Engineer: 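Mind looking over this structure? Questions follow.
Predicted, not measured: the structure shown is a model, and the values here were computed from it. We name chains A, B, ... by the order of the sequence lines, and we start the count at 1 in each one.
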Number of protein chains: 2
Amino acid sequence: MTKDINQPKYLKLKEYLKGEMLMGRIKPGEQIPSEHSLAEMFTISRHTVRKAVSILINEGYLTSEHGRGTYCLDRSHKRSTSRNIGVITTYMSDYIFPKVIQGIDSVLSQNGYSIILKNTNNDTINESNCLKDMLEKNVEGLIIEPTKSALFSRNLELFKALDSCGIPFVFIHGYHQNLEDKPYVILDDAAGMYSAVRYLAGLGHKKITGIFKADDIQGLNRHEGYVRALADSRISYDPDNVILFHTEDKEVKPVNFIRDMIMSGSRMDAVVCYNDEIAFKVFQLVEGMGLKVPEDISITGFDDSYLSENGAVRLTSVSHPKERLGMAAAELLLDILSGRNDAADRWQQVIVPELIIKDSCKKRQ
Amino acid sequence: MTKDINQPKYLKLKEYLKGEMLMGRIKPGEQIPSEHSLAEMFTISRHTVRKAVSILINEGYLTSEHGRGTYCLDRSHKRSTSRNIGVITTYMSDYIFPKVIQGIDSVLSQNGYSIILKNTNNDTINESNCLKDMLEKNVEGLIIEPTKSALFSRNLELFKALDSCGIPFVFIHGYHQNLEDKPYVILDDAAGMYSAVRYLAGLGHKKITGIFKADDIQGLNRHEGYVRALADSRISYDPDNVILFHTEDKEVKPVNFIRDMIMSGSRMDAVVCYNDEIAFKVFQLVEGMGLKVPEDISITGFDDSYLSENGAVRLTSVSHPKERLGMAAAELLLDILSGRNDAADRWQQVIVPELIIKDSCKKRQ
DNA sequence: GGAATCAACATGTGCGTACAAGTTGATCTT
DNA sequence: AAGATCAACTTGTACGCACATGTTGATTCC
């Protein structure tokens, strides 16, 4: 090991900095002196400092942040360079998915990443296969809409495998209850449903039927908001007035239930629905039975989708910032990837939706 | 994916050089122009050239030898069986995209492939970047919805590069006119529009306004079907009765035109629209002006999307087997990949759509 | 007390220059 | 003809300057 005294200056500086880091005198996360001060310290030009630093950035020792400074990186695991991010959704419908994926793509593609897309069709076994595929494909990170998130995840081992491979992941829309300490970006579903029910109560409605999805956490949270809003409105909770459905019977159970309730003569004042898809089905059913919305029955949806906008009656719905949600998840993942886990207070992001009042609710006569 | 036109100069040069190499205009082993001459060619400083070159050296594209020159490296060892298929669409909207991607995914995932998804936002420059990305990511094949397919493709070299890398691709929805010998799966757009116009003529309508997109081949073909149907119905073609629009003015031009025509007193009997999005906009405009659909004006859409189903009046539209189209493209690509190109007679698939008659057209009094 | 502003400082981009040092091929010398 | 020399090219190192752009925290203003 000959220490060539005639090394170029930029190599000398590079070796010095690398040595400081390898010996632990500069620790991961720590800021190194600014380019200007390094230039002064070594009596070389800033240009030469930048050359030394750029090599160390390329070798994965440093990272620099515009306007802030240059920082020592954690080199415990070497980075892969596939520049691919896996995205696992539950569905690829025209309902929420397109805008969310647009948001994700706009951020990722701008940062040179590509999306590998998979969907589970809300089936736990498919989720397991998707995760295995992603592990094989050496993606650099994952954005996951959890499947059947109301239940404890059966794929816990696979998520742990992601951890041990150093592949970070961000949940979107919800999270598994046994993975609640992981990063996620979700809506405040309870608050959204709360505002819808409070609004209907304020219009004088007493018998407010609720339709909720029972196999994902969004459904449970929306139900919780429903319960809280009833209590705060001094309306007693009636289990017979609540319909819980699963993915498998979403096409039939809600409408059958509402039809039976109306035909048996016990008509409700209003229906709050898990989402616009259900609300739209209920709307079509009610109008098909000769009743008028909102004159006879008020209806609210959730997600503020095209279904709430394009129909014969515009549905009052709870907003869903779909694109923003996707962008937030992508940005969070990129932050984690770049080692900026100082953003621990941004790991769990909850976006509060708003009630968008349109034409499907009316004061009770 | 927004393509920043204000890229730094060194990035522009980097992208240029990378593109030349990916397209095979600079071959492995070949020497690139000297730093001095590149600086002259791009009227930038040598310093900036060096910055661009140093990035490409780091990425493994180039190697430089002191005193001799800088040379293109062989990147062939990068290729392997990734089990990834690239999918490039024009948009990621909720309109047609979700069902097409569902169809593609259902076939590909069943065969163990994953989708790498990108979209061009119907911008040729973005298409170029998407193709370059895909070349780098060693996908095994590509499904491409062409961008601005009415024009000759400006990315011919990149498509040729795909060929020379042995990466097969299938066009969907349309094809570039200078790539018409490549495999594709498309709709018979002319036949679809023909049936809509013939139907309206059969209802007694004489003045049938047509709205067509002029920058993709679907629009041109639908226009052609319109022209043929008028001729076969013995209605003379009136250029003032036809509106052509581009991606960039789709939001304003069609509706403004129709509004002006109605306000100037020259009302049309019927409007055939490029797609349901336009038809829905026209529908909202017409009703907003106090006219009734279909009593006063008949309207047809195209694509048989949710927009034709959920509105106050169900729009008569031309079917679009979105999911089947995606599946057909994926199956064709898999056939080509497995070497079954004996199916040369299946390389160009044209699916004939049908007119779906609903409630937005009526016999002329 | 909170919002807006701004100066100081960080990195990023880009130009100019100069000279060092390795390679090549033509020319000169013997 | 063989070897030395040298001019003309290449890339490598190093300096200087200017301005753009992003971040931060102190200050000011309402």
Engineer: In whole angstrom, what separates B:Lys51's NZ from C:dG12's P?
Structural biologist: 7 Å
Engineer: Could you list the protein-to-nucleotides 5-7 of chain C atom pairs, N/O on both sides, closer than 3.5 Å?
Structural biologist:
none

Engineer: Of A:Trp347, A:Phe171, A:Tyr175, which meets ring-ring contact (aromatic ring centres under 6.0 Å, His included) against A:Tyr184?
Structural biologist: A:Tyr175
Engineer: Once side chain to side chain donor-acceptor pair (under 3.5 Å) is applied, do any residues pair with A:Asp188, and if so which ones, sequence neighbours excluded?
Structural biologist: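 Testing A:Asp188 for side chain to side chain donor-acceptor pair (under 3.5 Å), a comparison that skips the adjacent residues, returns none.
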Engineer: Write down the atom of B:Ser45, the atom of B:Ala39, and the distance for their closest heavy-atom approach.
Structural biologist: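 Minimum heavy-atom separation between B:Ser45 and B:Ala39: C-CB, 4.0 Å.
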Engineer: Closest approach of B:Pro146 and B:Thr90, non-hydrogen atoms and distance?
Structural biologist: O-CG2, 3.5 Å
Engineer: Could you work out, with side chain to side chain donor-acceptor pair (under 3.5 Å) as the rule, every residue matching A:Glu35, not counting sequence neighbours?
Structural biologist: A:Arg46, A:Arg50
Engineer: Does atom CZ of B:Arg154 have more than 12 heavy-atom neighbours from other groups under 6.0 Å away?
Structural biologist: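 Counting other residues, nucleotides and ligands, CZ of B:Arg154 stays at 12 neighbours or fewer.
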Engineer: Distance check needed: D:dA8 P versus B:His36 NE2, whole Å only.
Structural biologist: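 Rounded to whole Å, this separation is 14 Å.
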Engineer: Does the side chain of B:Arg50 get closer than 4.0 angstrom to OP1 or OP2 of D:dG12 through an N or O atom?
Structural biologist: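 So the side-chain polar atoms of B:Arg50 do come within 4.0 Å of the phosphate oxygens OP1 or OP2 of D:dG12, strictly under.
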Engineer: Produce the list of close N/O pairs, under 3.5 Å, pairing protein atoms with atoms of nucleotides 3-5 of chain D; give distances to one decimal.
Structural biologist:
none

Engineer: What residues from residues 62-71 of chain B pass a heavy-atom cutoff of under 4.0 Å to DNA chain D?
Structural biologist: B:Ser64, B:Glu65, B:His66, B:Gly67, B:Arg68, B:Gly69, B:Thr70
Engineer: Distance check, rounded to the nearest 0.5 Å: B:Thr247 atom OG1 versus B:Asp215 atom CG?
Structural biologist: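 Rounded to the nearest 0.5 Å, the OG1-CG separation comes out at 3.5 Å.
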Engineer: Ignoring hydrogens and geometry beyond distance, is the side chain of B:Arg46 in donor-acceptor contact with the base of C:dG16 at under 3.5 Å?
Structural biologist: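 By the distance-only test, no, there is no pair.
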Engineer: Closest approach of A:Asp105 and B:Leu117, non-hydrogen atoms and distance?
Structural biologist: OD1-O, 4.4 Å
Engineer: Listed in order of residue number, which residues of residues 28-35 of chain B have a non-hydrogen atom at under 4.0 Å from DNA chain D?
Structural biologist: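 Per residue number, the list reads B:Ser34, B:Glu35.
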